[in-house]
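To keep things clear, I will list the structure first and then write my remarks on it.
Given the structure is predicted, the values throughout are model-derived calculations rather than measurements.
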Amino acid sequence: MTRYIRRACAFCLVLLVALLVNAARVQVFQAGSLDDNPANRRGSIARYAQPRGDILVQGKPVTGSRDSRQALRFERTYKNGPLYSPVTGYASQTYGSSFVEGAEEDILSGTDPLLAPFPFWPELSRSREAGGDVETTLDAGAQEAAFRGLGGKKGAVAAVEPSTGRILALVSTPSYDPGEFAGTGRGAADAWRRLTADPDRPMLNRAIRETYPPGSTFKVVTAAAALEHDVVDGTDSQTDTPVPYTLPGTTTRLGNESGGAACENATLAEALRISCNTVFANLGVRVGLADMVRTAQAFGFNDPGVHVPMVVSRSNFDTDMNPSQLALSSIGQFNTRATPLQMALVAAAVANGGTVMAPHLVDRATTDGGTAVSTTGSSSYRQAMSPYTASELQKMMVAAVESGTGTNARIKGVTVGGKTGTAQNGVNNEGTPYAWFISYAQDRDAGQPQVAVAVVVEDAAADRADISGGGSAAPVARAVMEAVLRSARAR
């Protein structure tokens with residue numbers, strides 16, 4: 001009898017060991033794959049069991065949460081979603097998250113360890129902290145002015161504070177409301193399908209994810225290269241440039257959209273004021289490929305690693321070109337491409353004495369109670385040029401606004417520097433040109449420039465003759481600069 005009892009005990013022991021081994025296999029070795037299994041809804045249920053933290057603009061939330069009374073209980077809502085979607089992105093129970101919603105997911109969802117009152121508290125308590133808030137660097141007035149100025153046309157605006165790199169406005173149009181597909185069900189699926197199939201691509205963030213030929217706005221970079229590498233003897237010396245200018249190694253003759261005969265042998269200052277293609281194509285070739293590449297990269301071109309905290313598309317200046325291609329690239333054509341944010345940084349570098357500050361969109365993250373858990377300080381990103389070169393470019397850009405191609409950006413009592421651009425587009429340049437304007441502004445009582453702006457308009461419905469940087473983009477930039485200056489005066 002005792003023998004049978006021993007055998008039964010041994011068998012039970014084997015079963016117990018097998019049970020423990022299987023439990024360890026499931027809980028330790030398969031835990032990750034089970035957590036990630038799409039059929040496992042426990043994580044999603046826990047994630048949406050409490051309200052999400054908010055994204056703030058000047059202390060006011062532009063997001064919220066709604067109790068759906070479904071299994072995925074709290075659904076994201078947006079206040080003026082189309083205005084802020086290029087910043088917030090979306091947080092969808094079906095399609096995930098993007099932009100600040102995605103980059104700051106741990107803070108907003110309450111899973112970031114920084115939100116816990118004590119180290120290891122979430123692991124010990126098995127609880128999730130209330131979602132934290134994310135304070136952006138945006139200026140609400142500038143954001144609204146940019147959105148209103150574009151008026152639904154395809155385009156984008158980026159504005160930064162030159163001395164800090166804080167992004168003050170980031171607008172892309174046409175836009176969309178991320179609240180349309182924040183939840184689940186047929187309505188969310190229909191909205192997603194409609195938006196992703198829209199040929200106008202409203203979900204594309206043109207300010208940081210689309211690159212355009214920058215056209216004549218790139219002449220600011222070429223001017224910096226010519227001054228930095230002593231290709232010109234100051235801004236008031238003639239550049240020895242014929243009109244038209246024959247591209248090296250070709251029979252192609254390059255003319256000027258504006259300026260005409262005044263561009264022949266024009267000085268650097270005059271060439272920037274009236275935007276001479278011939279002068280800057282000639283100067284780019286004389287600077288040479290290596291130094292042009294070096295200068296462009298000093299402004300931020302060819303860098304794929306910019307995060308704001310979202311990834312910014314790489315702006316391009318080719319590193320392998322023949323002289324004729326270099327000539328066209330030096331006036332912002334050929335393969336030269338830039339995001340609006342990159343061109344705002346070009347204007348900001350001029351305004352900030354040659355230093356490009358690292359652009360950033362998040363100022364700080366806080367707990368639900370307002371206690372700061374992380375902050376984003378200002379830091380230098382690149383040294384684009386010397387302070388002397390920057391000061392010379394400031395004078396030239398101011399002249400372009402006061403009496404050149406950028407007069408539509410003038411603001412009474414304010415120092416405004418700017419540069420227009422009309423970039424050719426399409427096969428054989430048959431498409432509607434892109435209208436550009438980059439600028440900076442400094443109030444009369446301010447110690448330094450307060451805002452740098454880049455605007456691009458790509459409205460395919462516009463008449464070719466009616467679209468230009470000065471006519472289409474400069475008024476938008478002026479409205480954004482005025483909004484920032486009003487905010488500064490009110491502080």
Filter on salt bridge (charged side-chain N to carboxylate O under 4.0 Å, His left out), then keep only pairs touching residues 217-243, sequence neighbours left out; what's left? none
Can you list every pair that meets salt bridge (charged side-chain N to carboxylate O under 4.0 Å, His left out) and has a residue in residues 304-323, with sequence neighbours left out? none
Check whether [X] reaches the backbone of [Y] with its side chain - one donor and one acceptor, N or O, closer than 3.5 Å.
X: Arg286; Y: Val231; result: yes
X: Trp436; Y: Pro213; result: yes
X: Thr235; Y: Leu268; result: no
X: Asp112; Y: Leu114; result: yes
X: Asn352; Y: Gly354; result: no
X: Asp54; Y: Val134; result: no

Just to verify, what does Glu482 make a side chain to side chain contact (heavy atoms under 4.5 Å, CB included) with, not counting sequence neighbours? Ile411, Arg478, Arg486
Non-neighbouring partners of Ser98 that pass side chain to side chain contact (heavy atoms under 4.5 Å, CB included), sequence neighbours left out: Tyr90
Which pairs count as side chain to side chain donor-acceptor pair (under 3.5 Å) when at least one residue sits in [range], sequence neighbours excluded?
range: residues 355-366; value: Thr355-Gln383
range: residues 132-152; value: Asp139-Ser487
range: residues 406-419; value: Ser275-Lys419

Report the residues that fulfil salt bridge (charged side-chain N to carboxylate O under 4.0 Å, His left out) with [X], sequence neighbours left out, ordered by chain and then residue number.
X: Arg489; answer: Asp443
X: Glu161; answer: Arg166
X: Glu180; answer: Arg194
X: Glu392; answer: Lys395

Find out whether [X] and [Y] are in side-chain contact, i.e. whether some heavy atom of one side chain is under 4.5 Å from a heavy atom of the other.
X: Ile274; Y: Cys276; value: yes
X: Arg206; Y: Pro174; value: yes
X: Ser175; Y: Pro86; value: yes
X: Val350; Y: Met397; value: yes
X: Met321; Y: Met292; value: no
X: Val232; Y: Leu283; value: yes
X: Ile438; Y: Val220; value: yes
X: Glu105; Y: Arg52; value: yes

Run the salt-bridge test on Arg273 and Glu402 with the 4.0 Å N-O cut-off and return the result as yes or no. no
So that I can tick it off, tell me whether Glu101 and Arg76 are bridged by a salt bridge, with the cut-off set at under 4.0 angstrom between side-chain N and carboxylate O. yes
Over all atoms of both residues, closest heavy-atom pair of [X] and [Y]:
X: Ala435; Y: Ala473; value: O-CB, 4.0 Å
X: Ala266; Y: Thr239; value: O-OG1, 2.7 Å
X: Ala207; Y: Leu170; value: CB-CD1, 3.6 Å

Take Thr339 and Ile208 through the side-chain contact (heavy atoms from CB on, under 4.5 Å) test and state the conclusion after the steps. CA-CA 6 Å; Thr339 63; Ile208 62 171; 5.6 Å; no
Is a side-chain donor-acceptor pair under 3.5 Å present for [Y] with [X]?
X: Asn265; Y: Thr241; value: no
X: Tyr381; Y: Asp303; value: yes
X: Thr389; Y: Ser386; value: yes

Scan for ring-ring contact (aromatic ring centres under 6.0 Å, His included) pairs involving residues 307-356, sequence neighbours excluded, and state none if there are none. Phe218-Phe317
